Each structure stands twice: as C-alpha cells, then as structure tokens.
Amino acid sequence: MSDDRVLVENSDGYVVITLNRPDKLNAFTPIQNNSLMEALDAADENPDCRAIILTGAGRGFCAGQDLGERNPAEGTPDLGQTIETYFNPLVRKLRAIQLPIICAVNGVAAGAGANVALACDIVLAAKSAKFIQAFSKIGLVPDSGGTWTVTRLIGEARAKAIMMTGVPVTAETAEQWGMIWRAVDDGELMNEAHSLAAGMAKGATVGLGLTKMLVQASGANSFDRQLDLERDTQREAGRTPDYAEGVTAFLEKRPAAFTGRR
Ligand code: LHQ
C-alpha cells in the first residue's frame, strides 16, 4: 500500500486490512478512504484471497469522518458530495464483494466508523469497544447505510433511540441486541478474527459469497421472489467443484478440501 494509513497483510488465504491513524482513532480522511477502497479492490481481485478482516490500529476502530478536515464555519460544505464520493462507494463495496468480510472492532466505532463496521458480514467486537451513532451530537443524520443496516439489525425502537441520543452501545449490548455477531474478551479479539477468517478461507468460497448475496437480497424481495432466487443460486452453487468435493468428502467420511474455485 502506498499510504501507511491503511495497512494490508496477507495471511494464509485471507487478507487483514488495518485502518492506521491511531492518534486520531483512525478517523477517515479522503486519502484513507481511497486507500481502503484500493485495499478492498486488491483483496477482491486476488484469487488467493478467500476472506477479509477489517480492523483498526490502536485503541479505536474508527471515529468516523475526520472532523478536522473541513471547518463548516469557513463556508457551507456539501456533505452530500462527501458521502457520494467516499462513504456510499465504500459501504456498497463491502456488500458487493463476494467474500466474507469480518470486522474486528478493536475499540470505539463512532459515526461513519460504526456504520462501516456494521456493513461488514460478521462483526466481532472487543468487550471494551463501543458503537456510537455520534451524528446527532454534531447536527447530522446517520450515514454510511446506518439507517438501513442498523434498523434491520435491531429494529426501529432501538435504532431511533441510539441515533437520536448518541448513547454509546457496548459490545455486549450490541451482541444481545443482534447488532453484531459476538463480543469477545479484548485479548482474544484478533485470535478469534484470525480463526474465523482461516476457517472461511478453507471454505466453499463461491457458496459463501452467494450466501452473502442471498441474505442481502432478502430485504427487498417477497418470500416468493426469494425462493426463486434461492433456486437459481443453488443451481449455480451446485455446479461448483466445491459442491462435488463436499458431497464426496461426506460420503468418504473425511474433511472436505475446498478450493474455492468456480
Ligand atoms: C478525531 C475524531 C474525528 C478528527 C476523535 N475527527 N479527530 C460524513 C460526511 C461528511 C462529513 C461529516 O461526517 C460524515 C460521517 C461521520 O462520521 S459524522 C461523525 C464523526 N465522528 C464523530 O462525531 C465522533 C467524534 N469523536 C468523538 O466523539 C470521540 O473522539 C470518541 C467518542 C469517538 C472517543 O472519545 P475519547 O476516547 O475520549 O477520545 P478523544 O476524543 O480524546 O479522541 C482521541 C483523538 O482523536 C483526539 O485527538 P487529540 O489530538 O486531541 O488527541 C480527537 O480529537 C481525535 N478524534 N474523533 N472524528
């Protein structure tokens, strides 16, 4: 990576992407946004990459947009332009990449930082981490898909309350509410994330990617339409070498050796 504000580390079958501006709790700047997009594209295009971990360096995951980047007192900014240029493409990409994306939330996730984390597929959080819909404190509305994602995850009552109050939600509460997958002991966070990613990287990658697409499509589909989509997608999954290997391995009573290939 040309810019050290985002670090990329290749592991065995997966990639770890780390937001790296710890002194500012990894708050997003345009350069960091661009580097993150580049890192995600590279992982997506790498045939050896079968899962992604997204995490943050230091004591925070990400404090949202860097508020020092632009002073509104110096002129009315077009925040819609910022969203259109940086945040919407980012959360769209997180959902479009047909690989499991694990977010390891190592510390506070605020504003767009919270909603980027929650746009990932499997969210683990350190027990000391907090999710803060900080927008109301600065006169803004939640963005980066939060009003869509968070409302679906925890329902309108809780979504409106945390968005209108900006109250921090602890990792353990987030787990109880179904906003994230699991809250884990701080010292265990990265072990858990690596073990999850390593498992995914040995999985039937095409099937996992298609599963992601199906679950995401369900929100906009009728039950009947979703049944049709499952039928068509299963047809596709059934043509992969990993399906043949999975069934053969089952019948031979041995672990499957998936390749992840189409
Ligand atoms: C920061 C930030 C930050 C710069 C901590 N920026 N430096 C989209 C489109 C366009 C425009 C606007 O926004 C958006 C989407 C958004 O994300 S809006 C929401 C933006 N984020 C926030 O409002 C959160 C602001 N941060 C906080 O409320 C606190 O920092 C939290 C609660 C996250 C953490 O509090 P503490 O643990 O007490 O840490 P701290 O406040 O002392 O922060 C540590 C350093 O990080 C500090 O720098 P310094 O040089 O003084 O040590 C902060 O200024 C800096 N920092 N967030 N968003």
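These numbers come from a predicted model, not from an experiment. Atoms within a ligand are numbered from 1 in the order they appear, just like the ligands themselves. Side chains included, hydrogens not; waters and symmetry mates left out as well; all remaining heavy atoms used.
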Can you check [atom]: any protein non-hydrogen atom closer than 4.0 Å?
atom: atom 53 (C) of ligand 1; answer: no
atom: atom 48 (O) of ligand 1; answer: yes
atom: atom 21 (N) of ligand 1; answer: yes
atom: atom 29 (C) of ligand 1; answer: no
atom: atom 14 (C) of ligand 1; answer: yes

Taking [X] for the side chain and [Y] for the main chain, is one N or O donor matched with an acceptor at less than 3.5 Å?
X: Glu192; Y: Leu124; answer: no
X: Thr248; Y: Ala244; answer: yes
X: Asn115; Y: Gly145; answer: no
X: Asn20; Y: Ala57; answer: no
X: Gln32; Y: Asn26; answer: yes

Single hit among Lys202, His194, Glu9 for side chain to side chain donor-acceptor pair (under 3.5 Å) with Tyr14: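 The option that passes is His194.
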Enumerate the atoms of ligand 1 whose separation from the nearest heavy atom of [X] is less than 4.0 angstrom.
X: Gly64; answer: 17 (O)
X: Leu140; answer: 12 (C), 13 (O)
X: Ile83; answer: 8 (C), 9 (C)

If you measure from [atom] to every heavy atom of [options], which option wins on shortest distance?
atom: atom 1 (C) of ligand 1; options: Arg21, Gln65, Lys24; answer: Lys24
atom: atom 32 (C) of ligand 1; options: Asp23, Val141, Ile132; answer: Ile132
atom: atom 43 (O) of ligand 1; options: Asp78, Val116, Thr85, Leu25; answer: Leu25

Give yes if a backbone or side-chain nitrogen or oxygen of [X] is under 3.5 Å from a nitrogen or oxygen of ligand 1, and no if not.
X: Leu67; answer: yes
X: Asp143; answer: no
X: Gly113; answer: no

Audit row: Ile122, Met200, side chain to side chain contact (heavy atoms under 4.5 Å, CB included) steps and yes/no: CA-CA 11 Å; Ile122 303 181; Met200 296 277 163; 3.6 Å; yes
Identity and separation of the nearest protein heavy atom to [atom]:
atom: atom 4 (C) of ligand 1; value: Asp66 OD1, 3.3 Å
atom: atom 57 (N) of ligand 1; value: Ala63 CB, 3.2 Å
atom: atom 39 (O) of ligand 1; value: Arg59 NH2, 3.0 Å

From Leu54, Ile101, Ile53, Leu7, residue fulfilling side-chain contact (heavy atoms from CB on, under 4.5 Å) relative to Ile17: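 Only one option passes, and that is Leu54.
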Which segment of Phe135 sits under 4.0 Å of ligand 1 when only heavy atoms are counted: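 Just the side chain.
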Ile162 and Val150: CA distance, side-chain angles, deciding distance, side chain to side chain contact (heavy atoms under 4.5 Å, CB included) verdict: CA-CA 10 Å; Ile162 64 172; Val150 176; 4.1 Å; yes
Phe28 reachable from Leu140 in the ILVMFWY side-chain graph, under 4.5 Å edges: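 No, separate clusters.
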Path from Leu99 to Leu210 over hydrophobic side-chain contacts below 4.5 Å: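 Unlinked, Leu99 and Leu210 end up in two clusters.
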